[in-house]
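For the numbers below, each heavy atom of this structure counts, side chains included, while hydrogens, waters and symmetry mates do not.
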Amino acid sequence: MDTLSHQEKAYISITSGLRELDLRGPAIPSNLVLIGDHAFPLAMNAQGQVLMAASLFGRGRMVVLGHESYLTTLPALVENALTWLRGDGSENPLVGIHQSCKPVADNLCRSVFQAQVLGGFNQDLGVGVYVVDAYSMAPDVKSLVEFLKAGGGLLIGGQAWHWAGQHPKENTLTAFPGNKVSSVAGIYFSEHPGEVDYLPVYPQIPTSRLAVVIGKDFKDDLEFLLQGVSELDISGGAIASEVLVHGPLAFPIGTTSDGRAFLAGAYYGQGRVIVTTHEGFMGRQELAPLWNNALRWLDEGRNGVFGIQPELGHAMALFSQTGVNCQMSGLSKDLSVYVCTTYSNKEAEDIQHFVAEGGGLLIGGHAWYWAQTNPGKNPMTDCEGNHILTKMGLTLLGSTVISGCYKVPDPDKACKDNFHFRHMLRRFASHVTQGEELTAHELVGLKKLGGDCASYLTMKAHHCPSYTQVLSTLTEIVMMSGMPQVSLNCPVSSEKDRLLLTIGTELYKCLDPDTLLPYLIKDNPSMPVVRHHQLKVNANTAVEEEWISTGLYLTPGMKTYISLPAQIVNKGWKVQIGCQTDGLDHLKELLRAPCVHKTFKITTPMMQVWNLWGGLLYLVAPPNTQVEGLKVTVERAVLAPYFKSGVTSLAEWAALRTSPAPWAELEFDNIIHTIPSSAIRGLERPDKVAALWDGIMRGIADLAVVSHKFPRKERFVADVQISHGWMHAGYPIMMCSSVAPQMVNPEASGRKDLWGFIHELGHNQQRGCWEFQPHTTECTCNLWSVYVNEEVLGTNRAEAHPALQPKPRASRPEDYVKQGQDLNNWNTWMALETYLQLQEAFGWAAFKKVFAAYHDMTNVPRDNKGKMNLYTKTFSMAVEQNLCAFFKAWGWPIEAATEEELSKLPLWSDHPMDLYG
């Protein structure tokens with residue numbers, strides 16, 4: 001926040017005492033384009049055009065006025081600017097003034113400054129600030145940049161729209177005289193005239209949603225870069241990252257069919273940059289025509305030396321074929337273009353200055369591997385390459401792009417066709433705030449825009465005016481439109497509503513939550529709170545982290561402080577709000593936001609936590625942790641109905657089950673149920689529900705031949721919508737809320753409605769060593785469903801599930817044999833029949849012997865054939881019979897070595913598959 005504070009102070013200093021700027025009159029200024037971290041607007045009109053700006057470069061400062069007449073017609077502003085430009089603490093009164101701006105000297109005759117009119121810049125005179133128009137700098141460009149970099153101040157006035165009209169074939173950004181100096185600080189005179197008016201001077205740096213613009217159409221750049229190139233081949237084994245193209249002077253060059261960029265360019269200062277998101281592409285022969293064009297684009301006709309980082313020998317070999325002057329070298333000032341990777345930030349500032357002062361940069365590398373190997377870190381801000389690139393308007397993402405051959409963009413439609421971040425954001429802002437219609441193409445692009453906004457906001461670059469401008473635009477969108485109140489009764493499916501949901505959720509993480517909350521959550525119920533609630537926390541984790549329930553709930557947006565013991569600070573512990581952890585981004589229709597939980601690393605003994613969507617409050621203990629009696633205090637929260645076996649008495653439960661939170665938890669010996677509170681309001685005997693589930697979990701453990709005390713309690717969590725199916729396994733096991741009442745029915749005998757729950761518990765018991773994917777993925781988990789139904793619930797298998805009734809069971813083996821015993825057909829119920837035939841012949845004890853044997857095995861084969869042979873041997877040994885003929889009848893690939901090894905055992909000759917032989 002220090003940089004932001006400096007910019008705000010600079011703005012206040014430059015505009016001190018000014019209430020308005022009267023720009024009405026004959027002078028028509030240029031619209032200024034700002035890039036980088038340091039450039040910020042001083043004056044902005046109602047159309048979002050920047051007419052005056054300031055910035056930093058090196059140790060120096062710069063102020064740019066969009067017309068040279070402002071140097072004389074706004075004397076108070078100029079005097080303020082000169083005071084700021086000479087630097088904090090400096091009392092140097094000398095101001096050099098180019099002779100073209102002599103009237104400025106006349107205005108300063110009564111000021112503290114000593115004006116010296118010069119025919120050109122002369123650093124030997126000891127001036128602290130130099131005033132010049134944008135047309136008179138050509139002879140002094142190099143010395144002015146050095147002066148600025150060393151700590152000098154520059155005040156520049158001018159406009160480029162007239163020059164651009166006289167030079168229609170020139171690139172204004174690079175050829176206009178004023179830009180040769182102002183651009184190094186991230187300020188460009190554009191070819192677009194600015195509209196003038198009577199502008200108020202705002203107390204803060206001005207922003208506007210209309211200022212989120214692209215600074216150039218890039219048609220000529222793409223025509224140059226893609227001459228003779230029809231497609232970009234990034235197929236093969238090199239996995240590329242996506243690059244977010246977000247700067248006003250950045251543009252995509254190569255994109256996937258859905259608009260994700262893997263090759264992009266940008267203007268930065270006086271120089272240019274191209275990034276490819278895998279360094280291997282630089283040596284790819286198929287891309288040689290592209291690189292030939294790119295190297296010339298970066299060199300800008302200088303015919304200079306290309307310095308190539310020694311690690312890029314493959315690029316050296318290819319680029320040498322283009323005829324450019326290549327050498328293996330590090331960065332040096334005498335290079336025209338520097339070619340390097342993104343994998344180090346040691347030279348980040350030197351590289352940025354090299355490009356800003358006119359050099360070309362070709363840089364390659366990805367961020368996906370960094371993201372995978374640095375969990376918990378933000379690639380947008382922490383990845384080394386982004387320390388170089390983000391200031392240039394390009395940022396590597398942790399996501400990847402699909403390899404393939406992609407058509408090059410149409411230069412005439414480049415911005416729209418490639419879903420440029422700034423173009424799409426401005427179009428969406430105009431759609432929401434002004435009612436402008438979006439094209440079909442733009443509507444498709446809203447999905448990508450949502451992801452781009454989410455990525456962009458994670459930079460949290462509040463010190464960067466470009467970032468705060470985007471933030472202001474997104475805030476205006478949300479405040480004007482609100483956020484869809486997604487729910488079971490109010491589903492969200494349109495790309496517009498999904499985008500608003502994404503923007504609102506991500507903005508909430510970046511801005512003052514209290515200010516934004518009323519625009520995001522319209523119906524936030526008021527609930528009674530408990531204060532200074534004390535907890536005693538125990539944890540005894542094994543190899544996986546574990547959620548520890550607190551029995552507390554936070555309403556949407558509710559903030560609370562948590563006091564934590566020092567012994568768990570910075571030890572991998574976390575606070576989590578919300579138990580619905582399924583991500584729903586891939587679903588077409590949403591019944592809740594895609595992500596509704598939030599975690600905080602415990603890094604201080606006192607933490608403030610909150611979540612836009614609220615949720616149950618947990619501590620998350622890291623693996624291999626043993627603590628007892630930790631004292632935790634929660635400043636304020638809402639009580640949730642929470643029953644814990646052996647802790648909560650029935651009398652206490654009678655009061656707790658009326659607790660106001662909408663989610664309840666029942667924690668038993670080996671399992672925890674998180675369900676809507678409505679499902680337990682009438683539950684008087686949770687101890688009977690506990691007896692049911694304790695029995696089920698003992699049955700799960702018995703078949704798996706593991707301890708009745710699970711190393712981590714299983715969790716079921718109900719949700720209005722989950723990522724797939726009605727339930728799915730994991731930690732927690734997710735299920736749809738509609739089935740929650742079945743869980744709290746204490747009746748056990750003859751139950752027929754628990755198959756699905758046990759099926760998911762069975763999934764969590766599956767082990768790769770005896771699983772044959774994909775055949776048994778939805779099969780062997782059902783062994784637990786059958787076992788628990790019969791052995792615990794007393795439900796015959798034929799009654800437990802319709803698929804296990806005699807008629808469908810009898811037809812499966814016959815159909816399978818008729819189809820040629822093809823393992824491609826051996827899945828789910830067909831595969832389960834194999835195991836049921838074994839169970840009916842040898843009993844559950846045989847399976848327990850087999851599972852127990854696998855507990856001690858090492859070096860298990862990884863392929864299905866090897867694993868199937870091992871299973872055949874293991875089961876045969878367990879029942880002391882040779883089962884080769886049986887498994888071969890099911891089409892298993894039994895090897896001769898297996899048959900030889902088991903030949904000493906008696907053959908199971910009357911196996912049930914003989915009927916179909």
Side-chain angles (χ1 to χ4, degrees), residues 703 725 752 755-756 758-759 762-763 766 770-791 795-851 863-896 898-899 902-903 905-917:
L703 181 58
K752 300 177 183 179
W755 179 280
I758 305 166
H759 172 97
H763 270 306
Q766 288 175 317
W770 45 260
E771 274 292 292
F772 317 126
Q773 294 185 347
H775 309 290
T776 57
T777 302
E778 293 300 324
C779 161
T780 50
C781 54
N782 285 329
L783 291 172
W784 275 266
S785 293
V786 176
Y787 179 85
V788 170
N789 267 279
E790 291 191 336
E791 302 298 316
T795 305
N796 183 276
R797 64 188 64 181
E799 300 297 322
H801 196 285
L804 297 187
Q805 292 178 359
K807 188 174 181 179
R809 277 197 61 193
S811 65
R812 287 190 191 109
E814 183 176 2
D815 292 342
Y816 184 72
V817 171
K818 287 179 180 178
Q819 295 166 2
Q821 296 153 296
D822 185 353
L823 283 179
N824 289 323
N825 301 321
W826 190 72
N827 297 290
T828 315
W829 301 110
M830 186 68 76
L832 182 62
E833 188 61 30
T834 304
Y835 295 94
L836 292 181
Q837 288 179 350
L838 289 169
Q839 191 278 327
E840 288 166 351
F842 302 108
W844 290 114
F847 279 88
K848 293 177 183 180
K849 285 184 181 180
V850 170
F851 290 139
D863 63 298
N864 278 351
K865 182 177 181 180
K867 289 195 290 185
M868 284 177 157
N869 277 272
L870 176 60
Y871 193 88
T872 299
K873 289 187 282 188
T874 305
F875 214 113
S876 293
M877 296 296 185
V879 298
E880 299 180 352
Q881 290 194 52
N882 181 348
L883 306 184
C884 288
F886 170 74
F887 285 114
K888 286 177 72 175
W890 275 105
W892 285 29
I894 305 302
E895 297 174 323
T898 300
E899 293 188 87
L902 297 177
S903 63
L905 293 175
L907 184 66
W908 187 21
S909 58
D910 58 345
H911 62 80
M913 293 300 287
D914 262 348
L915 295 173
Y916 313 101

| remark: What one should report as the nearest heavy-atom pair of Trp755 and Ser785 is O-OG, 3.4 Å
| message | When you compare the side chain of Phe886 with that of Gln837, does any pair of heavy atoms fall below 4.5 Å? | response | yes
| said: I need the Asn882 CG to Leu902 CG distance, nearest 0.5 Å. | reply: 5.0 Å
| Glu790 and Thr795: CA distance, side-chain angles, deciding distance, side-chain contact (heavy atoms from CB on, under 4.5 Å) verdict | CA-CA 5 Å; Glu790 291 191 336; Thr795 305; over 6 Å; no
| message | Looking at Lys848, I want to see if its NZ is surrounded by more than 12 non-hydrogen atoms of other residues, nucleotides or ligands under 6.0 Å. | response | yes
| said: When you measure from the side chain of Ser876 to the backbone of Leu883, do you find a donor-acceptor pair of N or O atoms at a distance under 3.5 Å? | reply: yes
| field | Full working for side-chain hydrogen bond (donor to acceptor under 3.5 Å, both in side chains) between Asn824 and Trp826 | value | CA-CA 6 Å; Asn824 289 323; Trp826 190 72; over 6 Å; no
| said: Quick check against the 3.5 Å criterion: does Asp822 have a side-chain atom that pairs as donor or acceptor with the backbone of Gln819? | reply: no
| field | side-chain hydrogen bond (donor to acceptor under 3.5 Å, both in side chains) between Thr828 and Glu778, worked out | value | CA-CA 5 Å; Thr828 315; Glu778 293 300 324; over 6 Å; no
| task | Using atom types as modelled and distance alone, determine if a side-chain donor or acceptor of Thr898 lies under 3.5 Å from a backbone N or O of Ile894. | result | no
| task | Spell out, as yes or no, whether a donor-acceptor pair under 3.5 Å connects the side chain of Asn869 to the backbone of Glu895. | result | yes
| Are the side chains of Leu832 and Leu783 in touch, meaning some heavy atoms are under 4.5 Å apart? | yes
| request: Kindly compute the distance separating CD (Gln805) from CG (Asn796), expressed to the nearest 0.5 Å. | output: 10.0 Å
| task | Measure from the side-chain N and O atoms of Asn782 to the backbone N and O of His759, and report whether any donor-acceptor pair falls under 3.5 Å. | result | no
| said: The test is side-chain contact (heavy atoms from CB on, under 4.5 Å); show your working for Phe887 and Thr834 and say whether it passes. | reply: CA-CA 8 Å; Phe887 285 114; Thr834 304; 4.3 Å; yes
| request: Before giving the answer on side-chain contact (heavy atoms from CB on, under 4.5 Å), spell out for Asp815 and Asn825 the whole-Å C-alpha distance, their side-chain angles and the decisive distance to 0.1 Å. | output: CA-CA 10 Å; Asp815 292 342; Asn825 301 321; over 6 Å; no
| Glu899/Lys888 ion pair, N-O < 4.0 Å | yes
| said: Check this for me, if you would: do Glu840 and Arg809 make a salt bridge, where the nitrogen-to-carboxylate-oxygen distance has to be below 4.0 angstrom? | reply: yes
| message | Using 0.5 Å steps for rounding, measure from the OG1 atom of Thr780 to the CD atom of Gln773. | response | 9.5 Å
| field | Polar side-chain atom of Gln766 near backbone of Thr777 as donor-acceptor pair, under 3.5 Å | value | yes
| Cys884 vs Trp908 side-chain heavy atoms within contact, under 4.5 Å | no
| task | Would you indicate whether the side-chain heavy atoms of Asn864 and Lys867 approach each other to under 4.5 Å? | result | yes
| Are Tyr835 and Trp784 an aromatic pair by the rule of ring centers under 6.0 Å? | no
| request: Report yes if some heavy atom in the side chain of Phe842 is under 4.5 Å from a heavy atom in the side chain of Gln881; otherwise report no. | output: yes
| Hey, mind stepping through Ile758 and Val786 against side-chain contact (heavy atoms from CB on, under 4.5 Å) and telling me if it holds? | CA-CA 9 Å; Ile758 305 166; Val786 176; over 6 Å; no
| Do His775 side-chain atoms and Leu823 backbone N/O form a donor-acceptor pair below 3.5 Å? | yes
| Are the side chains of Lys752 and Asn789 in touch, meaning some heavy atoms are under 4.5 Å apart? | no
| query | What about His911 and Trp890, are their ring centers closer than 6.0 Å? | reply | no
| Distance flag, aromatic centroids of Trp770 and Tyr871, threshold under 6.0 Å | no
| said: Show the nearest heavy-atom pair for residues Phe772 and Met868, with the distance to one decimal. | reply: CE2-N, 3.7 Å
| task | Search all heavy atoms of Ala878 against all heavy atoms of Ala846 and return the closest pair with its distance. | result | CB-O, 4.2 Å
| remark: Nearest heavy-atom approach of Met913 to Ala889 is CB-CB, 3.6 Å
| field | Smallest separation among heavy atoms of Pro808 and Pro802, with atom names | value | CG-O, 3.8 Å
| Minimum heavy-atom distance Ala810-Pro813, with the two atoms named | O-CD, 3.6 Å
| request: Please find out if less than 6.0 Å separates the ring center of Phe875 from that of Phe847. | output: yes
